Protein chains: 2
Amino acid sequence: MSIFSHRSWRVALLSVGLSALVGFSGETFAATKGTDGPLTPPDIVASAAAGEWVAIAPSDLLVMDLAPDTAGHARRVVIQLLPAPFAQGWIGNIRKLAAAHWWDGMSINRLQDNYVVQWGDPEGDDKAKAKPVPSGLLENSEGAYVTPRFALPAGIESAPSFGADAYAPETRIIGGWPMGLDKDHAWPLHCYGMVGVGRDNPPDTGSGAELYAVIGQAPRQLDRNIALVGRVIEGIEWLSSLPRGTGPIGFYATPGERVPILSIRNGTDVTGLPTYQALATTGPTFARYADARANRRDRFFVKPAGGVDACNVPVPIRRAP
Amino acid sequence: MSIFSHRSWRVALLSVGLSALVGFSGETFAATKGTDGPLTPPDIVASAAAGEWVAIAPSDLLVMDLAPDTAGHARRVVIQLLPAPFAQGWIGNIRKLAAAHWWDGMSINRLQDNYVVQWGDPEGDDKAKAKPVPSGLLENSEGAYVTPRFALPAGIESAPSFGADAYAPETRIIGGWPMGLDKDHAWPLHCYGMVGVGRDNPPDTGSGAELYAVIGQAPRQLDRNIALVGRVIEGIEWLSSLPRGTGPIGFYATPGERVPILSIRNGTDVTGLPTYQALATTGPTFARYADARANRRDRFFVKPAGGVDACNVPVPIRRAP
């Protein structure tokens, strides 16, 4: 059956795979069509000038080392914290918890498929056994889930907007992060890899000691209901590939299934940490990349979408070459 | 720090977790607000009358048994195939491949984080080694990625529509499946767990022998560019938790990392298979569930979204009680 020759299926899947770096509502970029040829989004990112890559300060990183896996592989997860003015009350708490080595000896306690992985104190619901948190942590209220739009620094908005979606009147990259916007406020979006703060029903609970990361379809219903504080920029696979918990809502059913956390440290306290860089989201290459995520013109595609979800435009991040 | 008491964080996370069953643009359901109280989506599903659950025919199931994991656990993945009139050319091929036991001894060859897991013939790109497919498979063209809207049976559309999104003029549940629509066509959406057919660059390649499942943020740019043929209804965790491949685009770098497939069978050829049931998507309970996914009124939430993405309204499926 030559029509079903397998000779080139690996090539085909390569094309599919490259679309894992995706894009947005790019009609305004139609002028670039035909001038850049059928480049894939990674091709476009690879063409960025050195000056479009911006170093991420180590003080904005959080480094989680899990116990090695059964094959002895080290498992490091690197998290970038949200920049000011977003969620700084919780982020201050998280820096204090890391400086106090509070998470050392804690564990990953829950993984619910297509939803979140969560870590913190496995005895947290038992007052007699719960580990006390450091003094001086701030309580943050519901209002702090959103940031007043007038407080945003100038010049940090990518262009163009991705438009409205089911969850927000507008979505856009702001300061390098996927955000929802209304006329008064901005708030980060629960995209894949985003990290947030577990809390109790009252919205002012949640110190930052209990954290989760999104490992499935963006649970955007949580936007403006929980504090997001950062995103995983390296090592997400050490979280997303963990066994799914078989207890209620994905908690590990037995203590032995929990994954030990060796340490969580502020980036400034980790020796030998690589320099990470994010592609500037206000520059020309990001604009072309985002356009290509919305309008795949490379060879595999027969029907460019003409639009893209904000969570399908991951901001390119790399180790400095 | 009593304000950060951990006593009830587990309760809080329970509330978060239940939102893993999510909802849609439900303003038209405002009349139900206050009459059903702050039920969670799973509460609503649990209230469905027995007659709202519809059995899935074994002939619409595909059963994949992977080799047991290192702990000896059996790993079964159950896939529901799309009903007519969708993608039947490929689905006919898949039934023939399963009847011929074609996949026995094949393997899972690729897992790219936040994208897809893929299985088939690991030697498929080597003409000399590739396993021949059965004779009589159909070639399907680009036009078959979409279904003419006039061909849809009456009475299979859920109400209301989820509206437009970045990828489709309209999204809706049709015949129990998430679909995009324009005035002429309907097509299934690349939501989490959906199963599709790998192909080469020419759109008429792809027999159905190489399959993939979505295990991350919905890669909707693939809609109308590849044939979707079904969805995983049980055992997705055996796929989504596999190690990520370290080769290009997530291929396993060495043969030893591939996961052996013991068999893939048509449901009618599997003895002792449970009866699976889907919640009717044209009934009152699904409408209430979808509304709740868009407007979370249960205790944890402070800001109901007022809308929902079609891929965040998974159709409830269960084993028959």
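Everything numeric here is computed off the predicted structure, so don't read it as measured data. Values below: all heavy atoms of this structure, side chains included; hydrogens, waters and symmetry mates excluded. Order of the sequence lines sets the chain letters (A, B, ...), proteins ahead of strands, with each chain counted from 1.
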Chain B heavy atoms under 4.5 Å from N225(A): which part of the residue, side chain, backbone, both or neither? both

Go through the atoms of Q217(A) and report whether side chain, backbone, both or neither lie under 4.5 Å from a heavy atom of chain B. both

Under a 3.5 Å distance rule, please check whether D200(B) uses its side chain to pair with a backbone N or O of T205(B) as donor and acceptor. no

I94(A) CD1 to W103(A) CH2 distance, which is reported to the nearest 0.5 Å: 5.5 Å

So is R199(B) actually on top of F300(A)'s ring, under 6.0 Å and inside 45° of the axis?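 Ring-cation test returns yes.
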
Leading residue by heavy atom contact count with chain A [cutoff under 4.5 Å; candidates A310(B), C311(B), P203(B), A218(B)]: A218(B)

Taking NZ, NE, NH1 and NH2 as the nitrogens, is one of them in R297(A) or D291(A) under 4.0 Å from a carboxylate oxygen of the other? yes

